[in-house]
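Here the structure is laid out as structure tokens; the discussion comes afterwards.
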2 protein chains.
Amino acid sequence: MPDPSNPTNRVMDVLNFLAAHPTERFSLAEIARHVGLSNGSAHRLLTTMAARRFLARHERHRTYSLGLALVAIGQAAIEQHRGIDIARRELARLALELGVQCSANALVDGEIVVLAREGTARSQLGLTRVGERRPLLPPVGLCHVAWSGPAAIDTYLAAARPHLDDALFGRLAEAIALVRRRGFAIAAKGLRAALGHDATWLPVDQVRDAAYWNAVFAMIGQLSPGEIQAFDLAEAAAAGVSHISAPVFAPSGSVAFQLVMSGLPSDLTAGQIAGHVERLCATAAQITSETHGRAPD
Amino acid sequence: MPDPSNPTNRVMDVLNFLAAHPTERFSLAEIARHVGLSNGSAHRLLTTMAARRFLARHERHRTYSLGLALVAIGQAAIEQHRGIDIARRELARLALELGVQCSANALVDGEIVVLAREGTARSQLGLTRVGERRPLLPPVGLCHVAWSGPAAIDTYLAAARPHLDDALFGRLAEAIALVRRRGFAIAAKGLRAALGHDATWLPVDQVRDAAYWNAVFAMIGQLSPGEIQAFDLAEAAAAGVSHISAPVFAPSGSVAFQLVMSGLPSDLTAGQIAGHVERLCATAAQITSETHGRAPD
DNA sequence: TCCATTCATTCCAATAATGGAATAAAACTT
DNA sequence: AAGTTTTATTCCATTATTGGAATGAATGGA
């Protein structure tokens, strides 16, 4: 692996930054600051991209946003990833039949990126929008990590370590092995559920400044054991289910993306929860199969 | 305008190339050749992009295609361009009510890129797929050119000049002024229609080698006057309508994208054609209005 | 309305990316 | 199965890009 190409990364940084804030528009200076570019470089970069409609320039406010060329490229990308289409269809069916919210997300560049969402959320909180990005931190993303190599697992654990006490950290480490063993992840609701907050709620779509990270880390520090992972379904039934997730594998054996079911009714029995888990896992397995994926050894 | 940033353009070249062939996958060497890169540069570029999932690498065949990150970016781009969503909805309605095929396309990087398509085609030919790219050459793209500055118009005319005889070329030049005056473009069917070919048919989704361009230029040389532009609707009614198109304007006064209606029944009267034109223009105007666009002075 | 501040744009010395050759690894052919 | 061609990857001197300062334009506040 050769040293990465910086100019190339800069282009992707700009695109990622703009995609992470799909409703906003940014000036040259703002983009330069957030992406870590000098004004001069940002100027050439942005004008070059705007000239080819990868970015749209809004003359009136001198701001930039994602351009029309990316609409077409995104559509072309979907054609390459039939699994996304299948996931949309199947998740919509699940959402309708079970009255839950379903989504699919991938790990991109160390962040969780929402690829699809079906079903309407019960609450505003935990609402995911396609294109949104969240940090890869507990309690989310276990399915992405559990089938990765030791290096990725260590990175995940190391990021969470400073914010968890020993007991919770141990549970997280165990959870990874457990998730891989049983083939899905399930998190219970925790203390915050009483406040109308779901643990999957993380500040989103805002600039990742110190205040943002403080809020995220504070949330992680307050997790209850069950929010990290429910070790059996009875535990989940007692506290209520926060979310269930299952992996879709690529042909290479890595996790292509994960399916997430959330917004479940709070009065489910352990048996009903098992049914939901079964449905989600079956859907994930079906997509894995239809896209010629396979789980790693 | 500063000299463009080459490293940035290379990234966009790769993305455009892969997006132009959404069903295929390419090796490093193929991409390097088509985009005009050295193997060394291509190697670093592709591995850098694949590392961040902008490209998907298929280990088995050592090929690359568009990655999952672009799915999310494409979705985010759609959020910025509400017009695309509105166009989808309205074009679907038009397609259903009139029994025609409708699409939207934008000018990206000197090429026509299909952004949306609604309604099923009557024939396989002229079938457009979202993400597809076609050269900006007569008889398509008049709406993109007609509201542009003299420079863009000259470029368009110059590209067509070598392949048209004097009479046809004069008609094309006139057509641009006419389209701008009346606010839409309409092309009749020509000789090729009898063979089941529409003039909008152009080789697509294949590598742009010499054979490709020969086929394209040969097609242009065989255009009939009405295929370039029907100067009145009676002319269109007599030969049958190939396609109608109307521009959607951006706030800046430039053409954001154009709407195209094709696959019309061949037995329409001039009055019925006028009705179709009216519907398409009204839709375009509505989208222009809803997205705060305006026609240039 | 004027001033201060922020922002966009240009320019040049310092620096990092690039092209092309060389090497190694596949893939294909005979 | 061995030879031959194509492909992927590494390396280094050449060359083009970059960061930062300076300028000019525009915005917001008093």
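Per chain, numbering begins at 1; letters A, B, ... match sequence-line order. Atom set for the values below is all heavy atoms of this structure, side chains included, hydrogens, waters and symmetry mates excluded.
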To 10°, what angle do the rotation axes through the five end pairs on each side of the helix from C/dT1-D/dA30 to C/dT30-D/dA1 form?
60°
Residues in ring-ring contact (aromatic ring centres under 6.0 Å, His included) contact with B/H163, at least two apart in sequence or another chain:
B/F217
In terms of relative ring orientation, are A/F17 and A/H34 parallel, tilted or perpendicular, with 30° and 60° separating the classes?
parallel
Partners of [X] by side chain to side chain contact (heavy atoms under 4.5 Å, CB included), sequence neighbours excluded?
{"X": "A/S27", "value": "A/A29, A/E30"}
{"X": "A/I153", "value": "A/V145, A/L157, A/I176"}
{"X": "A/A42", "value": "A/L28, A/A32, A/L37"}

May I ask you to test the A/Q258-A/N105 pair for a side-chain heavy-atom distance under 4.5 Å?
yes
I'd like to check B/Q286 versus B/S289 (side-chain heavy atoms, cut-off strictly below 4.5 Å). Are they in contact?
no
Indicate whether any N or O donor in one side chain lies under 3.5 Å from an N or O acceptor in the other, for B/R25 and B/H61.
no
Would you please confirm or rule out a distance under 4.0 Å between OP1 or OP2 of D/dT17 and any side-chain N or O of A/R10?
no
On the nucleotide C/dA8, are OP1 or OP2 found under 4.0 Å from the side-chain N or O atoms that A/H43 carries?
no
What residues, two or more places apart in sequence or in another chain, satisfy salt bridge (Lys or Arg N to Asp or Glu O under 4.0 Å) together with A/E111?
A/R133, A/R208
Can you sort out which residues in residues 35-42 of chain B have a heavy atom within less than 4.0 Å of DNA chain D? Ascending by number, please.
B/N39, B/G40
Neighbours of DNA chain D within residues 57-65 of chain B, by heavy-atom distance under 4.0 Å:
B/R57, B/R62
Only distances under 3.5 Å count here; give the side-chain donor-acceptor pairs of residues 72-81 of chain B to other protein atoms, sequence neighbours excluded, each with its distance to 0.1 Å.
{"unit_1": "B/Q80", "atom_1": "OE1", "unit_2": "A/S65", "atom_2": "OG", "d": "3.4"}
{"unit_1": "B/Q80", "atom_1": "NE2", "unit_2": "A/P22", "atom_2": "O", "d": "2.7"}
{"unit_1": "B/Q80", "atom_1": "NE2", "unit_2": "A/E24", "atom_2": "O", "d": "2.9"}
{"unit_1": "B/H81", "atom_1": "NE2", "unit_2": "A/L66", "atom_2": "O", "d": "2.7"}

Every protein N/O lying under 3.5 Å from an N/O of nucleotides 12-16 of chain D:
none

For residues 140-158 of chain A, which residue pairs pass the salt bridge (charged side-chain N to carboxylate O under 4.0 Å, His left out) check, not counting sequence neighbours?
none
Looking at residues at least two apart in the chain, or sitting in another chain, which of them share a side-chain hydrogen bond (donor to acceptor under 3.5 Å, both in side chains) with A/Y156?
none
